[in-house]
Protein chains: 2
Amino acid sequence: MAGQHRAAASKARGPTADRAVGRRPRGTLNREDIVAAAFELVAGEEGVDGLSMPRLARQLGVGVTSLYWYFRSKDDLMAALTEEAADRLYRMLPDYRGRPWDEHLLRYFRDFRRVFLDNPALCDLLVLRAPMEARSPEATRRFFTLLEREIGALAEAGFPLRDAVDAYMTLSVYTRGCVLNERLFRSAEEQLGRGGERMPQPDMDSETFPLMAEAAMCWAPSFSTEEKFEAGVGFIIDGLRSRLAGYVNPL
Amino acid sequence: MAGQHRAAASKARGPTADRAVGRRPRGTLNREDIVAAAFELVAGEEGVDGLSMPRLARQLGVGVTSLYWYFRSKDDLMAALTEEAADRLYRMLPDYRGRPWDEHLLRYFRDFRRVFLDNPALCDLLVLRAPMEARSPEATRRFFTLLEREIGALAEAGFPLRDAVDAYMTLSVYTRGCVLNERLFRSAEEQLGRGGERMPQPDMDSETFPLMAEAAMCWAPSFSTEEKFEAGVGFIIDGLRSRLAGYVNPL
DNA sequence: ACCTGAACACCGTTCAAGT
DNA sequence: ACCTGAACACCGTTCAAGT
């Protein structure tokens with residue numbers, strides 16, 4: 001009876017909204033399913049902004065307030081969702097040990113960037129919203145397992161521990177900086193696109209801006225191309241190389 | 001009469017909320033004042049999240065809907081606010097021309113970072129929310145003036161234009177990556193602090209994580225110290241130095 | 001031209017109540 | 001123990017109306 005009532009109330013929303021017409025029987029709702037549904041929403045068209053408690057409840061065929069039995073607040077849910085995202089990220093990062101350290105780094109961070117670009121939801125949750133530290137002990141453990149492996153590779157290549165740590169983190173910070181840039185640039189484009197506008201092109205007459213006018217040909221807006229990303233990685237790896245040479249051959 | 005009514009309605013909110021008891025007379029409201037008040041709100045305790053149309057209207061002593069005469073939407077207002085923020089940023093960045101290029105870069109980006117750390121509002125508006133490109137032609141002009149100067153300094157030091165552009169952007173992306181990290185880390189700490197909790201410290205036994213356990217002493221959470229920031233800048237500048245040597249002395 | 005309040009659809013969260 | 005709807009305070013935005 002209650003089920004019919006609910007179905008009638010939502011009949012105007014089309015078939016997809018009715019996916020859970022037969023409302024969940026008791027005892028079948030749990031944290032995992034809620035997080036999974038939340039991730040589905042976030043990975044969908046609307047992104048992180050499209051995630052709301054009412055929407056999530058509708059997706060699950062459940063009253064909104066039921067969610068609060070499993071999560072104290074939306075923030076609490078977001079934390080769990082971030083865990084889930086971190087889990088997926090770690091599973092997607094390949095292991096390039098065995099190759100020369102510079103090639104290893106280049107490939108690793110190239111993939112690191114790719115994962116975020118291909119999965120905006122991961123980017124929003126892990127790059128834009130939460131620092132690495134705000135995770136459960138479990139997730140932190142996996143994070144440190146990864147670090148142990150990657151920093152170990154650098155140490156083996158001859159970097160003192162401190163430089164190995166700093167090198168990895170520098171590339172990580174730089175890469176996430178690129179990803180942030182690209183993400184913001186894309187959503188700005190999208191938003192303008194909806195309004196039919198174009199990104200304002202600066203009127204760069206070569207008298208007031210001689211260099212920038214000339215640079216236009218090697219300029220990528222928001223530094224957001226693979227080529228530009230690799231230019232930066234190149235500088236950093238060059239720096240590491242000369243540092244490495246300095247250890248064995250001090251002046 | 002209407003004024004008394006309004007004052008009575010808000011009497012429970014304390015003195016600061018009443019700052020504009022005598023509601024603004026007609027024709028005195030304008031875009032500049034609205035943006036200024038919005039910036040005040042955003043720079044205040046609550047930050048960007050604390051900015052809402054009703055709050056802003058209250059601050060100005062105006063009906064909420066009045067704001068919509070001057071701004072099509074909140075997004076429209078945010079765009080104007082971002083302009084304002086970019087304006088302030090550019091005014092705060094010092095000119096280090098005349099010094100050696102490497103010292104110039106180090107000092108410039110050290111200040112770049114400082115400005116964002118000292119002004120979280122600028123950070124939220126310019127680093128976390130909008131790409132450089134989504135600005136008015138006017139702001140873009142000022143942005144390119146800055147670029148012209150900074151990239152010019154690198155070109156004078158002997159870098160080909162393309163590398164000069166990439167070098168500046170790499171450091172800019174890296175620096176903003178650091179700022180992002182630090183900002184997220186701090187707000188996570190703050191949020192935990194409100195709940196009385198502490199950041200989860202990973203249980204790093206030195207058997208499963210030999211390197212990370214040893215690295216604990218040279219580890220900064222979220223890479224968020226000045227020292228760590230400069231370590232990364234050091235790598236990049238080293239890379240640039242070796243690149244520069246390669247131009248004049250190719251193998 | 002400028003400013004208003006009433007109203008709408010949405011949000012996060014609390015609470016007292018049901019089984 | 002688990003799930004519910006009613007209710008609250010808040011939000012962005014529209015609209016018809018006032019001067």
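Note that the coordinates shown come from a computational prediction; the quantities given were computed from them, not determined experimentally. Hydrogens, waters and symmetry mates play no part in the numbers below; they use all other heavy atoms, side chains included. Chain A is the first sequence line, chain B the second, and so forth, proteins listed ahead of strands; every chain is numbered from 1.
- Of the candidate nucleotides C:dG5, C:dG12, C:dC2, C:dG12 has the atom nearest to the side chain of A:Lys74.
- Straight-line distance from the CZ atom of B:Arg31 to the P atom of C:dC2: 13 Å, rounded to whole Å.
- Computed from coordinates, the B:Phe71 CZ to C:dC2 P distance equals 14 Å when rounded to whole Å.
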Assess the residue pair B:Phe223 and A:Tyr168 against the criterion (ring pair (Phe, Tyr, Trp, His ring centres under 6.0 Å)); give the C-alpha distance rounded to whole Å, side-chain angles, the decisive distance to 0.1 Å, and a yes or no. CA-CA 11 Å; B:Phe223 210 58; A:Tyr168 178 88; 9.8 Å; no
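- Here the nucleotide nearest the side chain of B:Tyr68, chosen from D:dT14, C:dC3, C:dT14, is D:dT14.
- Of the candidates D:dT14, D:dC3, C:dC11, C:dC11 carries the atom nearest the A:Arg55 side chain, counting heavy atoms from C-beta on.
- Both the sub-6.0 Å distance and the 45° axial angle are not jointly satisfied by B:Arg176 relative to the ring of B:Phe112.
- With no hydrogens or angles considered, no side-chain donor-acceptor pair links A:Asp76 and A:Ser73 at under 3.5 Å.
- With D:dG5, C:dT13, D:dC3 as the choices, the nucleotide that has an atom nearest any side-chain atom of A:Trp69 turns out to be D:dC3.
- Between the CG atom of A:Asp49 and the C1' atom of D:dG12 there is a distance of 14 Å, given to the nearest Å.
- C:dA1 atom P lies 17 Å from atom CG of B:Asn30, rounded to whole Å.
- Side chains of A:Phe209 and B:Arg141 form a contact here, defined as non-hydrogen atoms less than 4.5 Å apart.
- With C:dG12, D:dT14, C:dC15 as the candidates, the nucleotide lying closest to the side chain of A:Met53 is C:dG12.
- Closest to the side chain of B:Ser52, from the set D:dG12, C:dC2, D:dC3, is D:dG12.
- One can place CD1 of B:Ile34 at 11 Å from C1' of C:dC3, the figure rounded to the nearest angstrom.
- Rounded to whole Å, atom P of D:dG5 lies 12 Å from atom CG of A:Leu67.
- Checking C:dC3, D:dT13, C:dT13 against the side-chain heavy atoms of B:Leu29 singles out C:dC3 as nearest.
- Using a 4.0 Å heavy-atom cutoff across all strands shown, B:Tyr70 reaches sugar-phosphate atoms only and no base atom.
- Checking C:dA9 for Watson-Crick or G-U wobble geometry (two distances, each under 3.5 Å) identifies no partner in any strand.
- The nucleotide D:dG18 finds its pairing partner in C:dC2, both defining distances of the Watson-Crick or G-U wobble pair being shorter than 3.5 Å.
- Taking atom CZ of residue B:Arg58 and atom C1' of nucleotide C:dG5, one finds them 16 Å apart after rounding to whole Å.
- Between B:Ser224 and B:Phe229 the shortest side-chain heavy-atom distance does not fall below 4.5 Å.
- In this structure, the CG atom of A:Asp76 is 13 Å from the C1' atom of C:dT13, given to the nearest Å.
- Of all nucleotides listed (D:dA6, D:dT14, C:dG12), C:dG12 comes nearest to the side chain of A:Pro54.
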